[in-house]
*Asks:* 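Please read through the structure below; I'll follow up with questions.
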Amino acid sequence: MKLTPDQMDRYQEDGFLVLDSLFDPSEVAALSEAYELDSLVPGPHRVLEDDGEGVRAVYASHERSPEFAALVRSPRLLGPARQLVSDKLYVYQFKINAKPAFGGDKWAWHQDFVAWRIADNLAAPRMVNVGLYLDEVTEFNGPLIFLPGSHRSGLLRDARSHDHRSEQHLDPDDIALQPGQMRELVDQYGMVSPKGAAGSVVFFDPEIVHGSAPNMSPFRRRLLIATYNDCANPPMPVGEPRPAHVVGRDTAPLELGGELTPGGAR
Ligand code: HL5
Ligand code: SIN
Ligand code: MN
């Protein structure tokens, strides 16, 4: 699996690139089932919505479930990620933002690299996010919204808010861009929300401005995000590192795996 020069250019230009239906329905069904099981496992890696019921996010499933362990090595994800960043990559972070029907809250406007600089003292944005749609994403179920090209505007915030929305991870609320900034940024870059079938994949830059609205639809929107980091760019936390479920400890280069076997673990 290789990105074409045109796809590489579009990623550099826009800060994101969508590949429609990269995984087929049987593969998505297997991943979806794996998520259903893993989302039952309680612990600090599982973040709940404010109502204490809906699951907001589940971290590090690739360390508990063979399906997700295989997925992060899949040539369809790791191949393009290597082209975009470096030959030697490891999983910096793995999460599934679950956004349940009727109750999935917003993800505030932010840049990921702001969080990772502040919280993990990461030197460079030598990384790529790979988002995989576990459900169909429509205009109704709280799609991700990007400001195309905004990854070239540098870091737009340098401190975390005093209050922390969560102790389990750094919620984008804590590094949210302000309305005045967003007005100017949207004026400059516009907004795009890539919709698509379950199984579609979006590669996006750690510095692109993004966020998403609450989900008031009857359709859930589970978005899996694997973040690959250059092995030569490990975090250098000043004090205690953040928990292993948010910041991967295994910084050895990932080997390319085989393709997923639909319907089950390999
Ligand atoms: N929740 C992530 C973390 O590292 C940061 C956010 O979307 C990524 C901003 O704790
Ligand atoms: C979302 O799930 O819509 C937000 C993704 C992110 O910022 O991690
Ligand atoms: Mn983000």
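As the structure lists them, so they are numbered: ligands from 1, and atoms in each ligand from 1.
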*Asks:* Could D6 and R10 be called an ion pair, given the rule that one side-chain N must be under 4.0 Å from one carboxylate O?
*Replies:*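 Yes, D6 and R10 are salt-bridged.
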
*Asks:* Between H210 and ligand 1, is there a nitrogen or oxygen pair with a distance under 3.5 Å?
*Replies:*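 By distance alone, the answer is no.
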
*Asks:* Which protein residues have a heavy atom under 4.0 Å from ligand 2?
*Replies:*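 Within 4.0 Å of ligand 2, the protein residues are K95, N97, W107, H110, L144, H210, S212, R221, L223, I225.
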
*Asks:* Got a second to check how far I96's CD1 is from S32's OG, nearest 0.5 Å?
*Replies:*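 So the gap between those two atoms works out to 9.5 Å.
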
*Asks:* Starting from atom 9 (C) of ligand 1, locate the nearest protein heavy atom and write down its residue, its atom name and how far away it is, to 0.1 Å.
*Replies:*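 Here the nearest protein heavy atom works out to H110 CD2, 3.5 Å.
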
*Asks:* Any heavy atom of Q111 sitting closer than 4.0 Å to ligand 1?
*Replies:*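 So Q111 does not count as touching ligand 1.
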
*Asks:* Can you sort out which atoms of ligand 1 are near Y59, meaning under 4.0 Å from one of its heavy atoms?
*Replies:*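 Near Y59, meaning under 4.0 Å from one of its heavy atoms, ligand 1 has 1 (N), 2 (C).
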
*Asks:* Does the pair D112 and N129 meet the rule for a side-chain hydrogen bond (donor to acceptor under 3.5 Å, both in side chains), with working shown?
*Replies:* CA-CA 9 Å; D112 291 344; N129 289 305; 2.9 Å; yes

*Asks:* What I want to know is whether L170 and ligand 1 share at least one N or O pair that is separated by under 3.5 angstrom.
*Replies:*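 It does: an N or O of L170 is found under 3.5 Å from an N or O of ligand 1.
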
*Asks:* Charged N to carboxylate O under 4.0 angstrom, D38 versus R46?
*Replies:*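 No, this pair does not count.
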
*Asks:* Can we say R222 and E36 salt-bridge, meaning some charged N sits less than 4.0 Å from an Asp/Glu carboxylate O?
*Replies:*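 Judged by the 4.0 Å cut-off on N to carboxylate O distance, R222 and E36 do form a salt bridge.
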
*Asks:* Select one of side chain, backbone, both or neither to describe which atoms of W116 lie under 4.0 Å from any atom of ligand 1, heavy atoms only.
*Replies:*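 Only the side chain of W116 comes within reach of ligand 1.
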
*Asks:* What protein heavy atom is closest to atom 3 (C) of ligand 1, reported as residue, atom name and distance in Å?
*Replies:*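 Heavy-atom neighbour on the protein nearest atom 3 (C) of ligand 1: Q93 NE2, 3.4 Å.
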
*Asks:* What are the atoms of ligand 1, with element, lying closer than 4.0 Å to any heavy atom of K95?
*Replies:*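 Going through ligand 1 atom by atom, the ones under 4.0 Å from K95 are 7 (O), 8 (C).
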
*Asks:* Which word best sums up how the rings of F204 and F146 line up, parallel for under 30°, tilted for 30 to 60°, or perpendicular for over 60°?
*Replies:*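 Tilted, since the angle between the ring planes falls between 30° and 60°.
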
*Asks:* Applying the ring pair (Phe, Tyr, Trp, His ring centres under 6.0 Å) test to F94, which of Y35, Y228, F68, Y59 qualifies?
*Replies:*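 When Y35, Y228, F68, Y59 are each tested with F94, the ring pair (Phe, Tyr, Trp, His ring centres under 6.0 Å) holds only for F68.
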
*Asks:* So that I can tick it off, tell me whether D171 and K106 are bridged by a salt bridge, with the cut-off set at under 4.0 angstrom between side-chain N and carboxylate O.
*Replies:*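 Looking at D171 together with K106, the answer is no, because their closest N to O distance does not fall below 4.0 Å.
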
*Asks:* Does R56 form a salt bridge (Lys or Arg N to Asp or Glu O under 4.0 Å) with D51? I'd like the steps, not just the answer.
*Replies:* CA-CA 10 Å; R56 178 161 172 77; D51 65 8; over 6 Å; no

*Asks:* Does D171 reach ligand 1 with a nitrogen or oxygen that is under 3.5 Å from one of the ligand's nitrogen or oxygen atoms?
*Replies:*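 No, there is no polar N/O contact under 3.5 Å.
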
*Asks:* May I ask whether F113 has any heavy atom positioned less than 4.0 angstrom from an atom of ligand 1?
*Replies:*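 F113: no contact with ligand 1 (<4.0 Å).
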
*Asks:* At less than 4.0 angstrom from any non-hydrogen atom of D112, what atoms of ligand 1 do you find?
*Replies:*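 Those atoms are 7 (O), 8 (C), 9 (C).
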
*Asks:* Show me, pair by pair, the donor-acceptor contacts under 3.5 angstrom made by side chains of residues 229-249, not counting sequence neighbours?
*Replies:*
unit_1, atom_1, unit_2, atom_2, d
N229, OD1, N233, ND2, 3.0
N229, ND2, Y90, OH, 3.1
N229, ND2, N233, O, 2.8
D230, OD1, S86, OG, 3.4
D230, OD1, A232, N, 2.9
D230, OD2, R126, NE, 2.9
D230, OD2, R126, NH2, 3.2
N233, OD1, A124, N, 3.1
N233, ND2, A124, O, 2.6
R242, NE, D120, OD1, 2.7
R242, NH2, D120, OD2, 3.1
H245, NE2, P44, O, 3.4
H245, NE2, Q168, O, 3.0
R249, NH1, R242, O, 3.0
R249, NH1, V247, O, 3.0
R249, NH2, R242, O, 2.7

*Asks:* Find the distance between CG (D205) and CZ (F113) and round it off to the nearest 0.5 Å.
*Replies:*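 The CZ atom of F113 is 10.5 Å from CG of D205, to the nearest 0.5 Å.
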
*Asks:* Can you check the angle at the Mn ion (ligand 3) formed by NE2 of H110 and NE2 of H210? Round it to the nearest 10°.
*Replies:*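 Computed angle, vertex at the Mn ion (ligand 3), rounded to 10 degrees: 90°.
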
